[in-house]
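Beneath this line is the structure, given in structure tokens, with notes to follow.
Here is how names work: the chains are called A, B, and so on, in the same order as the sequence lines, proteins then strands, and each is numbered from 1.
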Amino acid sequence: MEFTARIIADYLKGEIEGDPEAKVSAFAKIEEGRPGALSFLANPKYEKYLYETRSSIVIVGKAQTVARPVSGTLIRVDDPYRSFAALLELYASAREEKTGREEPVSVAPSAKLGEDIFIGAFSCIGENASIGNRVKIHQQVYIGENVRIGDRTVLYPGVKIYRDCVVGADCVLHAGAVVGADGFGFAPQTGSDYKKVPQIGNAVIEDRVEIGANTCIDRATMGSTIIRKGVKLDNLIQVGHNVEIGENTVIASQTGISGSCRIGKNCMFAGQVGLAGHITVADGTKIGAQSGLNSSIKEANRTVMGSPAVDYADCMRSYVIVRQLPAIKKRLDELERKLNEKQS
Amino acid sequence: MEFTARIIADYLKGEIEGDPEAKVSAFAKIEEGRPGALSFLANPKYEKYLYETRSSIVIVGKAQTVARPVSGTLIRVDDPYRSFAALLELYASAREEKTGREEPVSVAPSAKLGEDIFIGAFSCIGENASIGNRVKIHQQVYIGENVRIGDRTVLYPGVKIYRDCVVGADCVLHAGAVVGADGFGFAPQTGSDYKKVPQIGNAVIEDRVEIGANTCIDRATMGSTIIRKGVKLDNLIQVGHNVEIGENTVIASQTGISGSCRIGKNCMFAGQVGLAGHITVADGTKIGAQSGLNSSIKEANRTVMGSPAVDYADCMRSYVIVRQLPAIKKRLDELERKLNEKQS
Amino acid sequence: MEFTARIIADYLKGEIEGDPEAKVSAFAKIEEGRPGALSFLANPKYEKYLYETRSSIVIVGKAQTVARPVSGTLIRVDDPYRSFAALLELYASAREEKTGREEPVSVAPSAKLGEDIFIGAFSCIGENASIGNRVKIHQQVYIGENVRIGDRTVLYPGVKIYRDCVVGADCVLHAGAVVGADGFGFAPQTGSDYKKVPQIGNAVIEDRVEIGANTCIDRATMGSTIIRKGVKLDNLIQVGHNVEIGENTVIASQTGISGSCRIGKNCMFAGQVGLAGHITVADGTKIGAQSGLNSSIKEANRTVMGSPAVDYADCMRSYVIVRQLPAIKKRLDELERKLNEKQS
């Protein structure tokens with residue numbers, strides 16, 4: 001797709017300075033500009049890049065001063081970042097507009113398919129599954145029996161959704177994500193053998209949830225594992241059986257949530273965090289990277305860190321002193337020596 | 001599937017109190033009961049839920065007192081939990097009873113297929129592979145050349161088993177699990193480049209092993225990576241080349257076992273544990289979450305924790321004191337001050 | 001494949017001692033030898049195995065003394081390890097020689113396919129994708145629109161490469177690896193909701209890169225996530241958006257690299273390491289297992305460890321003292337007691 005400065009300025013209601021026929025077909029940061037790319041300048045600190053960039057079009061603020069000659073065409077708008085973001089979204093959404101059905105696919109006769117959906121090659125839709133309108137099912141996706149998928153949800157290649165699970169509207173599931181595999185439940189038997197506890201619940205993903213590549217959300221033993229509206233999960237995350245994650249909570253890559261945890265709304269967990277089983281986490285909790293939480297957090301909006309996790313400030317204080325430990329030990333040795341001298 | 005109280009009571013050899021025609025089609029915890037669901041009450045602590053639950057049928061003990069009116073039908077049995085678990089298993093096994101072959105699949109002419117197997121759409125079975133009786137190969141599964149799969153094993157959608165690997169009987173492999181990818185072996189060359197060490201061994205999974213979603217078990221450089229009978233691995237676990245994991249060992253999510261480790265029987269590793277390469281771990285070892293093991297454990301049945309891991313009690317003692325460090329440092333400052341005062 | 005001692009000796013330019021018609025069809029370590037296997041003896045420490053091994057052929061050095069009778073046939077060469085490795089590679093490469101196209105596959109008419117490629121069943125190649133010569137695309141692989149794949153690269157079953165990404169020549173991507181899923185970028189909105197930041201960049205994998213099973217490399221928000229020549233990534237690794245990893249850097253399993261990190265050449269990261277976002281790591285940096293890096297490393301060739309990571313020696317010193325903390329606390333108690341006695 002190629003666009004002229006004239007078309008972009010019309011769309012943004014901006015003013016052109018330079019060649020209205022300048023053409024772009026890509027986006028670039030202003031400091032990484034190249035011919036054929038569109039950039040923007042919002043932060044005055046980066047003004048120098050305006051004179052260095054090789055981008056063909058740069059979106060700038062109405063009040064932007066231009067002290068030296070500029071090689072590209074400028075488009076002046078009220079808010080350059082917002083305008084740029086609007087173009088990015090337009091571009092990204094234009095790329096997702098495929099509909100129809102590639103061949104072959106395996107769609108059960110009893111499955112209900114919404115309007116204007118896309119089904120990529122080698123995808124499967126099981127018996128009694130129900131697919132909303134404008135859903136994009138990319139290639140090699142598996143949708144089990146009785147699964148329901150809400151409107152406009154996008155399932156990237158290789159997503160696997162086990163039977164009976166529910167995914168809401170406007171969700172995005174990335175390649176390799178697995179929803180509804182069995183929870184990890186085994187009852188000890190006599191003779192140190194284990195017996196599998198049947199996992200007959202499901203997993204329910206509400207609306208506007210994003211799930212990263214190769215992330216796993218286990219089904220409940222009974223009842224539902226629940227991911228509430230607006231939750232964003234990064235790649236390679238583990239969510240155990242019967243967990244509930246509250247609205248708009250954001251969790252970074254490689255974090256693991258053990259079974260039966262209840263996590264509040266608007267939390268933020270950094271990467272590689274671990275939560276022990278059956279923990280409750282209050283709304284608005286922030287957890288630092290690599291932290292390990294082994295007990296519940298009852299007060300809202302705390303920030304914790306460390307393994308085991310404690311208040312952020314306490315953790316930082318301990319870190320500082322741990323580094324001073326060799327010096328502290330020397331001081332203690334010295335004190336003992338002095339005291340012994342006096343006594344002798 | 002819908003069942004009446006009469007049919008369930010017959011199966012469990014229980015006695016009905018209430019409507020023998022009451023129907024259920026789902027299971028629920030008693031505190032999450034709803035019409036059409038079957039629940040159970042085993043723990044006397046939960047008796048109040050007996051009067052509140054909306055479940056249509058509740059399984060209770062023979063001696064259970066009923067102090068107030070109950071809306072659902074009761075079935076009295078000797079051991080309510082066991083009876084409920086038996087029904088769960090019956091239900092779960094009934095769901096797995098698909099056989100036959102969906103189309104299209106890619107099955108090499110030289111592959112040997114057992115009786116009563118299921119092969120889902122878009123699955124591949126390579127040359128000279130051998131599939132046992134009653135195996136369930138779900139959709140989009142890959143089974144490489146010469147792979148052997150034992151009787152009654154279930155491979156969920158998207159499982160990938162590289163050539164020459166062996167999976168025993170009664171195993172369950174969840175979606176996205178990868179068995180037999182190359183071990184991570186590279187020999188340094190002149191000029192800081194690396195040369196791949198060919199990985200020509202295989203991976204052997206014995207009977208009754210469960211492998212979680214997106215878990216990876218690498219093939220051996222030479223010989224075999226071996227997962228012994230009854231091992232249970234959770235999701236997103238890494239098992240390096242030439243590792244051996246002993247019988248009935250259970251490992252939680254996101255744990256990583258480096259190459260050539262030998263892990264004993266009946267061990268329990270919590271989540272996000274890491275083991276350095278070439279470590280031996282004695283039978284019955286328990287390792288706490290997020291621990292890092294950098295040397296062998298020779299004595300059986302120890303519990304270790306921390307990174308680096310030490311005895312559980314020592315680790316806990318250190319944790320407590322680490323939190324007191326700021327206070328300890330203050331006391332030291334004070335002692336020094338006092339001693340200096342005296343000296344001056 | 002079966003080979004005689006005569007054929008192997010010819011290939012290696014070695015000398016036979018024993019039966020030139022001895023046959024082998026597998027490789028084994030000398031201490032795990034069995035009839036039909038080929039082994040080697042390079043380290044004099046292992047000489048005793050020469051007399052115990054059941055391998056049919058053993059490759060030994062020209063100067064190797066043979067003090068007792070040997071059951072197998074010997075082949076004498078200059079460098080036994082090198083000769084053995086050469087045979088391993090020959091064997092491994094012979095196994096990869098499939099070409100042609102299984103059916104069904106989904107290949108867009110506009111895709112450009114190189115010579116002598118292999119495409120396994122149920123794989124997809126998108127519009128305008130370009131595939132080099134002798135590329136092996138195993139089964140159930142997804143290659144999106146405009147993707148370019150260099151010569152001789154191997155994509156194992158279930159690899160997913162999103163649109164616009166680039167993979168160089170001589171790369172190996174293992175099963176379940178995901179290249180080019182969206183970076184994790186969400187802008188906070190009013191009302192604690194998040195808005196997705198479109199991720200319109202790509203991921204670029206240069207030549208001779210190996211990527212482990214279920215590893216995820218996110219596409220850039222704008223521009224490219226870049227994995228330079230010769231990088232080796234193990235399984236289950238997370239590489240965030242806009243990261244750059246320098247030439248010949250090696251990273252072990254389950255490590256996570258947050259967005260916009262810049263990692264130098266020839267680094268070595270152990271397993272389960274975590275890097276915070278926007279960090280720069282100098283060439284030749286070594287990072288110990290489970291370490292967490294929260295600030296940049298500017299000096300080359302340092303070794304760091306711990307969470308947060310510090311110099312290796314400092315980290316070790318702290319570890320030692322942390323274990324002594326209970327004893328240190330006791331000494332402090334004792335000192336205080338003594339001092340108070342004196343004062344009273």
Contact winner vs chain B - A/Asp218, A/Thr221, A/Asp314, A/Val320, heavy-atom pairs under 4.5 Å: A/Asp218
Pairwise distance NE2(B/His138) to OH(A/Tyr162) - rounded to 0.5 angstrom: 8.0 Å
Separation between CD of B/Gln290 and CG of A/Leu293, rounded to the nearest 0.5 Å: 9.5 Å
A/Phe184 versus B/Ala252, closest heavy-atom pair with distance: CE2-CA, 4.3 Å
Closest heavy-atom pair and its distance - A/Pro104, B/Pro104: CG-CG, 4.2 Å
Partner chain A: residue of B/Ala270, B/Gly271, B/Ala289, B/Pro157 with the largest heavy-atom pair count (under 4.5 Å): B/Pro157
Under 4.5 Å from any heavy atom of chain B - which part of A/Ser258: neither
Trace of the side chain to side chain contact (heavy atoms under 4.5 Å, CB included) decision for A/Ser106 with B/Gln139: CA-CA 10 Å; A/Ser106 171; B/Gln139 292 76 5; 5.9 Å; no
Interface moiety of B/Met268 toward chain A, non-hydrogen atoms closer than 4.5 Å: side chain
Nearest-0.5 Å distance, NZ of residue A/Lys338 to CD of residue B/Glu336: 7.0 Å
Contact check, side chains of B/Tyr91 and A/Pro198, non-hydrogen atoms, under 4.5 Å: no
Contact origin within A/Val179 toward chain B - heavy atom pairs under 4.5 Å: neither
Contacting moiety of A/Val273, where chain B heavy atoms sit under 4.5 Å: backbone
Part of A/Gln272 lying under 4.5 Å from any heavy atom of chain B: backbone
N/O donor-acceptor pair under 3.5 Å between B/Asn235 side chain and A/Gln238 backbone: no
Pair A/Glu127 + B/Lys98: basic N to acidic O under 4.0 Å: no
Residue part contacting chain A, namely of B/Ile251, when any heavy atom lies under 4.5 Å: backbone
Pairwise distance CD1(A/Ile321) to CD1(B/Ile328) - rounded to 0.5 angstrom: 9.0 Å
Flag if over 12 foreign heavy atoms under 6.0 Å of NZ, B/Lys265: no
Atom group of B/Ala28 that falls short of 4.5 Å from chain A, counting heavy atoms: backbone
Atom group of A/Ile237 that falls short of 4.5 Å from chain B, counting heavy atoms: backbone
Atom NZ of B/Lys229: over 12 foreign heavy atoms under 6.0 Å: no
Contact winner vs chain B - A/Ala187, A/Ser307, A/Gly183, heavy-atom pairs under 4.5 Å: A/Ser307
Which atoms of B/Glu210 approach chain A - backbone, side chain, both or neither, heavy atom under 4.5 Å: side chain
Within 6.0 angstrom of A/Arg302 CZ, more than 12 heavy atoms from elsewhere: yes
A/Arg331 bridged to B/Asp333 by N-O distance under 4.0 Å: yes
Region of A/Ser291 that comes under 4.5 Å of a non-hydrogen atom in chain B: backbone
B/Asn248 to A/Tyr194 - nearest heavy-atom pair and separation: O-CE1, 3.4 Å
Heavy-atom pairs under 4.5 Å with chain A, option from B/Glu32, B/Lys329, B/Glu103, B/Gln324 with the top count: B/Lys329
CG on B/Leu332 to CG on A/Leu335, rounded to 0.5 Å: 5.5 Å
Donor-acceptor contact below 3.5 Å, side chain B/Gln254 vs main chain A/Thr255: yes
Option in B/Leu236, B/Asn266, B/Leu88 with maximal non-hydrogen atom pairs under 4.5 Å from chain A: B/Leu236
Options A/Val178, A/Asn294, A/Val197, ranked by heavy-atom pairs under 4.5 Å with chain B, top entry: A/Val178
Contact leader toward chain B among A/Val310, A/Asp182, A/Thr215, where contacts are heavy-atom pairs under 4.5 Å: A/Asp182
Exceeds 12 heavy-atom contacts within 6.0 angstrom, atom OH of B/Tyr312: no
Side-chain (B/Asn214) to main-chain (A/Gly176) donor-acceptor, under 3.5 angstrom: yes
Separation of A/Asp311 CG from B/Arg323 CZ (nearest 0.5 Å): 10.5 Å
Heavy-atom contact with chain B under 4.5 Å, split by part of A/Asp193: both
Backbone N/O of B/Phe122 and side chain of A/Gln140: donor-acceptor pair under 3.5 Å: no
